[in-house]
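Beneath this line is the structure, given in structure tokens, with notes to follow.
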Amino acid sequence: MLTSTKSLIAYNKKNLDDKTLLSLYKNMLKPRMIEEKMLILLRQGKISKWFSGIGQEAISVGVTMALDKEEYILPMHRNLGVFTTREIPLYRLFSQWQGKANGFTKGRDRSFHFGTQEFNLVGMISHLGPQLGVADGIALASVLKNKQQVTAVFTGEGGTSEGDFHEALNVASVWQLPVLFCVENNGYGLSTPTSEQYNCKDIADRGKGYGMESFILDGNNILEVYAKIKKLADSVRKRPRPILIEFKTFRMRGHEEASGTKYVPKKLMNDWAKKDPVDNFRAYLMELGLLTEKDDTTFRETILNEINEHLQLAYNEDAIVPNVETELNDIYSDFQYKESTPSAKTEELRFIDAISQGLKQSMEKHNDLVIMGQDVAEYGGVFKITEGFVDAFGKERVRNTPICESAIVEAAMGLSIAGMKAVMEMQFADFATSGFNPIVNYLAKSHYRWSQQADVVIRMPCGGGVAAGPFHSQTNEAWFTKTPGLKVVYPAFPYDAKGLLATAIEEPNPVLFFEHKALYRSIRQEVPVNYFTIPLGKAALLKEGTDVTIITYGAGVHWALETLEKNPNINADLIDLRSLQPIDTEAIYASVKKTGRAIILQEDSLFGGIASDISSLIMENCFEQLDAPVKRVASMETPIPFIGQLEEQYMAKGRFEEALVALLNY
Ligand SMILES: Cc1ncc(C[n+]2csc(CCOP(=O)(O)OP(=O)(O)O)c2C)c(N)n1
Ligand SMILES: [Mg+2]
């Protein structure tokens, strides 16, 4: 602690009243004292490591105090001061760190990796960058709902090297979203100094490139932080726009507590120690005559008592008892499926028109539903699914996006956090790779981690047979079916596509909705004209027979139908799975137990596809009834090629008939 009473930071209190000045001080003191206590506990082996915010408290506290409590903040791993300033009861934080039930994640995630709607805080996922785009989504919701609120999101300077940072700032600027992007430049990202992290003088300079205002603030000066952020927040509430703020500060402890700071030059450490935000402000308040040694001692005693009392509460709390059912139940948000019955009146629609009509009717039904994607607005999307939607629903709800799949998945998540619904169109399913991280790590895990639903549907135009080569033909459902927390739907007919899409949108959980491009304009069917739903996880038995069970989905359904038409002597059950996650195992087992033979047809290449899992499930559950080994038929173990002859050779379709006949003759 600084012993001199002379402050070395140039404070200017302007017209701030005494009460505010003192609460700024007390709010900085609290996280500092919690961490000092934790250091003792760490040395005693009573707690595990954490990421220290010592020396950076002025940023967390200044920003949080400058915002209204209803406004969302998305803090990082060093922002204990955000959580304490939002007045989360300390025992809940301590329980969170000890993995107890009074925490926020039921022991499922650690440290600051949680959010809480109660306090309008959305914590990070480990990957650092994704929350920047989530902030965009929350801010978009506040614009759409005309709430005049600002959202603040934090990142370290290391995190600014991630693509998420670029994407999120760009989207926020193009859409003029009320986000304060707060970069805490503390000199290091783990052991990496700024000179090895980026090659420009100030990160704030990047604001210009994104077309947004930016500022550099002394992150150790609580008055500068508080006053400036308050002013900016006021202004942004009135005139929504993003602002980039670089806080110059320093990381006074190791990357994580206990990992040391050997690689940091001593002089740098000593220079920054003199700029300690708590000690200097204390000295300043004393210079002003607002704080006496005695007051300070009283403040500290009060805080220490609170810490000790709450630590005891957390220690006294029972440990979580693992329960398989509880864990499985929390993967998804509860959803009571409501049947909307199909009308008797039908019209003949192509697959593509059924999807378009279904989506349109969902837009009419859900006023809080927003569609986002590349070229989806006036252009109507590359497949024209959203043609005419702008006229019907306006550009606010049918949003063209820059080319940035990650940021848009993240923004969709942000909309969901703010209570809205989102449908994102991947221009091609192949491009989901560019948004893969937020899909499998943010959307999929959010409900399990902190009970936050991800009410997002991602439409995935997929599949081959259209001579479009390796990057416009993949059917990549297996990347998602293996990730707990996601739902995967894959219809083969216009009727199913329309009804399942409606349910997927009603579902509060993240759904990957696969639409096979080759079916878009080739498959027609009579489809009810009204809004109707079909439950997810129910297969359709398209043909009934006794000799073999064919299990497939998507284009595979049509290949199987063709094969059966060509071979009327084959007496088969044909199961169209329709959804892959959840999957209708009941329908599969019932059929296989009847026929004794199973063949699974999948368009994707073989290894690691869903056919393998279905095969294992059959083996494990129907072994006694099997008369032959389960057969998988899939495409070649190569990327999907461009020219017709190669694509035909690649595709599972050409090998299905022979395999089916062989299985029947086994
Ligand atoms: C995608 C990803 N890569 C690497 C890491 C490991 N990691 C966690 S924090 C961190 C340093 C972050 O530096 P910075 O953004 O400057 O924040 P600071 O820790 O300095 O506050 C690293 C490399 C990670 N969590 N996620
Ligand atoms: Mg850093």
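Order of listing sets the numbers, starting from 1, for every ligand and every atom in it.
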(request) Tell me which one of P130, S191, G159, G189 gets a heavy atom nearest to atom 13 (O) of ligand 1. (result) G189
(request) Tell me which part of M76 gets within contact of ligand 1: side chain, backbone, both or neither, using heavy atoms under 4.0 Å. (result) neither
(message) Using a distance threshold of 2.8 Å, state whether an N, O or S atom of N186 lies below it from the Mg ion (ligand 2).
(response) yes
(request) Determine, using ring centers only, whether H472 and F428 are less than 6.0 Å apart. (result) yes
(message) Report whether any nitrogen, oxygen or sulfur of Y188 sits less than 2.8 Å from the Mg ion (ligand 2) (N, O or S, backbone or side chain).
(response) yes
(request) Run the contact test for E162 against ligand 1 with a 4.0 Å cut-off on heavy atoms, strictly below, and give the result. (result) yes
(message) Please work out, at 4.0 Å between heavy atoms, whether the side chain, the backbone, both, or neither of Y188 comes within that distance of ligand 1.
(response) backbone
(message) When you measure from the Mg ion (ligand 2) to the N, O or S atoms of E157, does any of those distances fall below 2.8 Å?
(response) yes
(message) I need the contact type for Q197 against ligand 1. Using non-hydrogen atoms and a strict under-4.0 Å cut-off, is it side chain, backbone, both or neither?
(response) neither
(request) Taking atom 3 (N) of ligand 1 as the reference point, report whether a protein heavy atom occurs under 4.0 Å from it. (result) no
(message) Please classify the E157 to ligand 1 contact at 4.0 Å (heavy-atom distances, strictly less than): side chain, backbone, both or neither.
(response) both
(request) Indicate, as side chain, backbone, both or neither, the part of H255 found under 4.0 angstrom from ligand 1 when only non-hydrogen atoms are considered. (result) side chain
(request) Kindly state whether the ring of Y188 and the ring of Y263 have centres lying under 6.0 angstrom apart. (result) yes
(message) Tell me if a side-chain donor or acceptor on Q96 pairs with a main-chain N or O of T105 at a distance below 3.5 Å.
(response) yes
